[in-house]
Novice: 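Have a look at the structure that comes next, please.
In each ligand, atom 1 is the first atom listed, and ligand 1 is the first ligand listed. Computed over heavy atoms, backbone and side chain alike; hydrogens, waters and symmetry mates excluded. Since we're looking at a predicted model, the values are computed, not measured.
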Amino acid sequence: MNIKESLTKIISSIPSDVTLVAVSKTKPNALILEAYEAGQKDFGENYVQELCDKHEQLPKDIHWHFIGHLQSNKVKFIAPFVHLIHGVDSLKLLQEINKQGQKNNRVINCLLQVYIASEESKFGLDFNECLEILKSPELKQLANVNIIGFMGMASNTEDQNQIRKEFQSLKKFQSSLITNHHPLNTLSFGMSSDYKIAIEEGSNMIRIGSIIFGERDYSKK
Ligand SMILES: *Cc1c(COP(=O)(O)O)cnc(C)c1O
């Protein structure tokens with residue numbers, strides 16, 4: 001299947017209110033353009049330098065999602081144009097995003113990254129830490145960031161039941177906050193291997209790379 005066929009197949013199988021973010025990390029501009037010309041407008045990248053280069057070289061109406069781990073000192077490079085930052089995991093990072101948002105005279109949309117997998121990971125917040133951030137007085141001072149929901153990643157396992165449970169825990173957490181004043185309705189979870197389960201469990205933003213662009217080859221980077 002070529003890129004256009006893969007995209008069409010995925011899009012025809014998902015509800016229209018689910019946003020497909022095509023994860024293009026490590027992939028050349030030519031392939032991204034192929035997807036763009038097939039109608040895809042949302043793309044996800046994990047590395048700041050790569051994202052900035054691609055933003056400069058590719059059509060300006062692309063929505064660029066930053067889905068990697070963002071270091072505070074690199075926020076300034078993506079702040080002028082980034083559409084959504086998925087992996088926010090500290091108040092300190094939010095404060096820096098706010099500062100750069102201010103400099104660029106824009107409000108930057110963010111998702112809190114929640115740690116739902118059972119395996120060890122350095123990144124992500126637990127539910128209590130999310131609540132602390134959402135309720136903190138400091139957050140109210142940040143006029144140039146907007147937290148619009150949550151991002152999560154299930155365990156890297158064959159056990160579909162476990163993946164399903166992990167997604168459910170995030171959906172349940174989000175639902176428990178709906179009464180709050182935050183517009184937290186974006187749920188970014190589901191990748192190539194588990195996006196069908198993710199949508200069944202309430203995801204409305206899926207991040208898909210390899211089944212669109214093919215497997216990634218890191219040895220050439
Ligand atoms: C690479 C990546 C994806 C896409 O993974 P695939 O398995 O290729 O679909 C999704 N989310 C994050 C955070 C990633 O780093």
Novice: At under 4.0 Å between heavy atoms, is it the side chain or the backbone of Lys25 that contacts ligand 1, or both, or neither?
Specialist: side chain
Novice: Looking at Arg164 and Glu201, is there a salt bridge between them, counting it only when a charged N and a carboxylate O are closer than 4.0 Å?
Specialist: yes
Novice: In this structure, are over 12 heavy atoms from other groups packed under 6.0 Å from Gln160 atom CD?
Specialist: no
Novice: Got more than 12 heavy atoms from elsewhere within 6.0 Å of NZ, Lys60?
Specialist: yes
Novice: Below 4.0 angstrom from a heavy atom of Gly209, which ligand 1 atoms are there? Numbered from 1 as shown, please.
Specialist: 4 (C), 6 (P), 8 (O), 9 (O)
Novice: Check this for me: Gln57, atom CD, are more than 12 non-hydrogen atoms of other residues, nucleotides or ligands nearer than 6.0 Å?
Specialist: yes
Novice: Hey, which atoms in ligand 1 end up nearer than 4.0 Å to a heavy atom of Ser210?
Specialist: 6 (P), 7 (O), 8 (O), 9 (O)
Novice: Can you establish whether the number of heavy atoms outside Lys41 located under 6.0 Å from its atom NZ is more than 12?
Specialist: yes
Novice: Should Met153 be listed as contacting ligand 1, given a heavy-atom distance under 4.0 Å as the test?
Specialist: yes
Novice: With atoms numbered from 1 as shown, which atoms in ligand 1 lie under 4.0 angstrom from a non-hydrogen atom of Asn46?
Specialist: 14 (C), 15 (O)
Novice: Would you say the side-chain atoms of Glu132 and Asn128 include a donor-acceptor pair closer than 3.5 Å?
Specialist: no
Novice: Evaluate side-chain contact (heavy atoms from CB on, under 4.5 Å) for Arg207 paired with His65, printing each intermediate quantity in order.
Specialist: CA-CA 10 Å; Arg207 309 178 308 266; His65 297 244; over 6 Å; no
Novice: Counting only heavy atoms, tell me which of Gly44, Gly214, Ser192 gets closest to atom 9 (O) of ligand 1.
Specialist: Ser192
Novice: Could you list the atoms of ligand 1 found under 4.0 angstrom from a heavy atom of Ile208?
Specialist: 9 (O)
Novice: Looking at atom 12 (C) of ligand 1, what's its closest protein heavy atom, distance included?
Specialist: Ile67 CD1, 3.5 Å
Novice: Do Lys171 and Gln168 have side-chain N/O donor and acceptor atoms under 3.5 Å apart?
Specialist: no
Novice: Among all protein heavy atoms, pick out the one at the shortest distance from atom 10 (C) of ligand 1; state its residue, atom name and that distance to 0.1 Å.
Specialist: Met191 SD, 3.4 Å
Novice: Tell me, please: is Arg216 in heavy-atom contact with ligand 1, that is, under 4.0 Å?
Specialist: yes
Novice: Just which atoms of ligand 1 are under 4.0 Å from any heavy atom in Arg207?
Specialist: 4 (C), 9 (O), 10 (C), 11 (N), 12 (C), 13 (C)
